[in-house]
Engineer: 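Pasting in a structure now, in structure tokens, and then I'll have a few things to ask.
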There are 4 protein chains.
Amino acid sequence: MARYSEKQKAALDALMRDDVYHHAMAIIKNEGLGALTMERIAVAVGVSRGTLYNYFDDRDAVIRFVKDRTFDPILRAIEEIAATDLDPALKLTRIANWIFTGVYNDSALIIALSPTKHELGNRESELERRSQAIRIIEGIIRDGIGSGAFKKLPPVVVVEIFVGSIMGMVESMSLSGEFYRAEAVVPTLMELFLGGLRASVQRPILTTP
Amino acid sequence: MARYSEKQKAALDALMRDDVYHHAMAIIKNEGLGALTMERIAVAVGVSRGTLYNYFDDRDAVIRFVKDRTFDPILRAIEEIAATDLDPALKLTRIANWIFTGVYNDSALIIALSPTKHELGNRESELERRSQAIRIIEGIIRDGIGSGAFKKLPPVVVVEIFVGSIMGMVESMSLSGEFYRAEAVVPTLMELFLGGLRASVQRPILTTP
Amino acid sequence: MARYSEKQKAALDALMRDDVYHHAMAIIKNEGLGALTMERIAVAVGVSRGTLYNYFDDRDAVIRFVKDRTFDPILRAIEEIAATDLDPALKLTRIANWIFTGVYNDSALIIALSPTKHELGNRESELERRSQAIRIIEGIIRDGIGSGAFKKLPPVVVVEIFVGSIMGMVESMSLSGEFYRAEAVVPTLMELFLGGLRASVQRPILTTP
Amino acid sequence: MARYSEKQKAALDALMRDDVYHHAMAIIKNEGLGALTMERIAVAVGVSRGTLYNYFDDRDAVIRFVKDRTFDPILRAIEEIAATDLDPALKLTRIANWIFTGVYNDSALIIALSPTKHELGNRESELERRSQAIRIIEGIIRDGIGSGAFKKLPPVVVVEIFVGSIMGMVESMSLSGEFYRAEAVVPTLMELFLGGLRASVQRPILTTP
DNA sequence: CATGAATGAGGATTCATTCAT
DNA sequence: AATGAATGAATCCTCATTCAT
């Protein structure tokens, strides 16, 4: 009796979600998260507002979905890079490259999406995603310190600085409107970061006075 | 003629603006910029909505005011530090410290306020403020490179990374909910940053004053 | 696909617009244009304010709609009368009759709507409508002068007086609250107007003293 | 104890009212009645809003006052003209001239003021003023009919047409934006009006078809 | 009397969301 | 499943008016 088999239904569902992702991204990029109304999405996708509600519980679900779909690949890439047996410095460089490149394409989007913080309860998944990434990168840094390649700096803080500086760079560029390609920025970023992190010649470590 | 002298009026005005700043900050921190409605502010301050409009042209003016009041001291501090004759590395350290400390108190606020992007037209003053800071810091870095203290890396990119990593750190902390005091983070940050920036040969490391 | 066919939708739309026209008219007549708030209309029509916005972009659109719906039939009638091959005097009489009758039903409305001046930008269509009517009537008067039926008075001024006296009459009645039927007023009006306009036998010309 | 004597107070009062009239006129002319807020007036006059309320009960009182001050001279002039022993046709011509000229100077104003009708309760004085004028003019027309100078047309309707055509002309000009001087319009107007009104040679009367 | 800060009642709009068809 | 009309809560903003100083 059912018109669509389970499979067909799932396929339909996937198509709809693809469409929504595509158009929601475009709207957010061009006009900001505030412009992402159900009406706008519905019109862009070519369905009625009501139909949208058959696929997403509410507007927040749409936002959550778009975020997830944007960040998950980055997380997976980080996991994959961490799983290789490259040396820690190289891993970090690749991660920086990946994030930067991945983010580059959706530049403004990241910014628009990021500090949703207070807007509704998407914090959980977001934080979880973030803390997963953090934990993985922290592992890499601990490895580096353990192997004597990196200085003995507090890993937790180092991770935050690593991630923070990448995200900060993206935000910086977004605010100033000047976008550099990954190749133009990542080397300098890593030069600075690794330059300071590498346990090169001995140098007394600095602590807060 | 007038019952209140100019001074009294100014004082009243200042009081109101202080109040608004105070409560607007609280609202933004706890619930985000989106929760900053005129009604909320009015209730918090203890006046009617109408009264608010006697002090601020519109909601946007309130937001602008809060931003200015938050960022201006930072900008001025940066200017002052840049004007000293400390060596570049120390200047950068102090600036990092200042921003970090200053921002620490209003932590989440910065994030909530920063990427207003797409929302209203307050970008101008915001960008100007930012570019002023950027220009000043860029000057310091050029000095460092000129004096041979820093590596010859593209100053523009270095600044972005410097500023970006600080802002990113703040945002990182804001997202994760764990806030470190400046003393706990800045040394590490500068160790990394300066470690990578310095024209190698060893040199005693600089500490936060 | 759609539950409602295009036709049904159009019908619904027409119904709503009819309703709005009806009630908006009543409100304007009784309490003036200023009383025509979206709330008032919504309550009168029996829908929510939000629903109104599904049919009209904003309050201005409602006003424009009511005006158009009121004036357009008059304009069309004038065009039709002008297109006949009646003699000019008769054309004018019929036009006066038409305007007067048509307007009679919406009497006060015309006044309430007409000098919206300074209020919103609906002047364009209004003026255009007016100038179309003027142009047509001017043509009739020129014909009359050309054929020797009318005196050689400046057509432009004559039109203004013709139109002005009709509109003025309506306004007069509206202000005084006494409404005469077209049959009671138009003959007198035309007697005066045509009596003065016709190129009769000689008559001493009157000049301003 | 009183600071001001009655006289002084009255003088002060008159000054204030003069000022208000002056500036209120300017505002109405340039921006319409809607722009006539207490704040605007207060600023223009150079006093506080509160002070305005010492001279006028409310906004409506201001509007009433401005109207009165504008129309009263016209009414008085009509009375004076009616009191002369000129012949009826000449009286009407002079009245038309007077109204037209008087209004010419405040052109748009008349329109802006006229259909206040529904706006608050200034109807009484307005109507009274109007009906006084009507009554006087009606008297002139009756005289004309009585003396055999005018045709036997219903005086009430003739008055309305006379007044209506003048006011209509003014409004016409206001709407179209083209203002003619009294000398350019009144002769034509009176030519038409008196041409039709005079009991001249016999001519078949035209009735509505 | 003058002042002007405070008030609060409107009025316009926008959207997320529901639900009958 | 899809539709889209209807809803109504939320928000911004404007002013006439009051009243303590």
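Because the structure is predicted, anything quoted here is derived from the model rather than measured. Labels below follow one simple rule: chain letters A, B, ... track the order of the sequence lines, proteins then strands, and each chain is numbered from 1.
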Engineer: Start at the 5' end of DNA chain F and walk down; is the nucleotide closest to D:Tyr53 or to A:Tyr55 reached first?
Structural biologist: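 So the residue in question is A:Tyr55.
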Engineer: Can you list, by residue number, the residues of residues 37-52 of chain C that have a non-hydrogen atom closer than 4.0 angstrom to DNA chain F?
Structural biologist: C:Val47, C:Ser48, C:Gly50, C:Thr51
Engineer: Look at the side chain of C:Asn54 against the base of F:dA6 and say whether a donor-acceptor pair falls under 3.5 Å; ignore hydrogens and angles.
Structural biologist: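 Counting by modelled atom types and ignoring angles, a donor-acceptor contact under 3.5 Å is found here.
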Engineer: Within the structure provided, determine whether B:Leu36 and B:Glu31 are in side-chain contact (heavy-atom separation under 4.5 Å).
Structural biologist: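 No - every pair of side-chain heavy atoms lies 4.5 Å or more apart.
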Engineer: Once you apply the 3.5 Å cut-off to both distances, tell me the Watson-Crick or G-U wobble partner of F:dA10, or none.
Structural biologist: E:dT13
Engineer: Find the distance D:Asp58:CG to F:dT18:C1' and express it as a whole number of Å.
Structural biologist: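 Distance check: D:Asp58 CG to F:dT18 C1' gives 13 Å.
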Engineer: Expressed as a whole number of angstroms, how long is the span from D:Leu33:CG to F:dC15:C1'?
Structural biologist: 14 Å
Engineer: Within this structure, what is the CG-to-P distance between C:Asp13 and F:dG4, rounded to whole angstrom?
Structural biologist: 13 Å
Engineer: Answer yes or no: is there a donor N or O on one side and an acceptor on the other, between the side chain of B:His22 and the main chain of B:Asp18, under 3.5 Å?
Structural biologist: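 Between the backbone of B:Asp18 and the side chain of B:His22 there is no qualifying donor-acceptor contact (under 3.5 Å).
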Engineer: What is the separation between atom CG on B:Asp60 and atom P on F:dT11, rounded to the nearest whole Å?
Structural biologist: 17 Å
Engineer: Quick one: look up who F:dA1 pairs with, Watson-Crick or G-U, both distances under 3.5 Å, and put none if it's unpaired.
Structural biologist: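 Its partner: none found.
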Engineer: Would you mind reading off the distance between C:Phe56 atom CZ and E:dA12 atom C1', rounded to a whole angstrom?
Structural biologist: 16 Å
Engineer: For side-chain contact (heavy atoms from CB on, under 4.5 Å), just list the numbers for D:Phe56 and D:Arg64, CA-CA rounded to whole Å, side-chain angles, deciding distance to a tenth of an Å, and then say yes or no.
Structural biologist: CA-CA 10 Å; D:Phe56 298 91; D:Arg64 230 158 25 227; over 6 Å; no
Engineer: For B:Tyr21 and B:Phe65, take the angle between the two ring planes, folded into 0 to 90°, and tell me which bin it lands in: parallel under 30, tilted 30 to 60, perpendicular over 60.
Structural biologist: perpendicular
Engineer: Side chains of A:Asn54 and A:Met16: closer than 4.5 Å at any heavy-atom pair?
Structural biologist: no
Engineer: Quick one: is the NZ or CZ of B:Arg17 closer than 6.0 Å to the six-membered ring centre of B:Tyr55, and within 45° of its axis?
Structural biologist: no
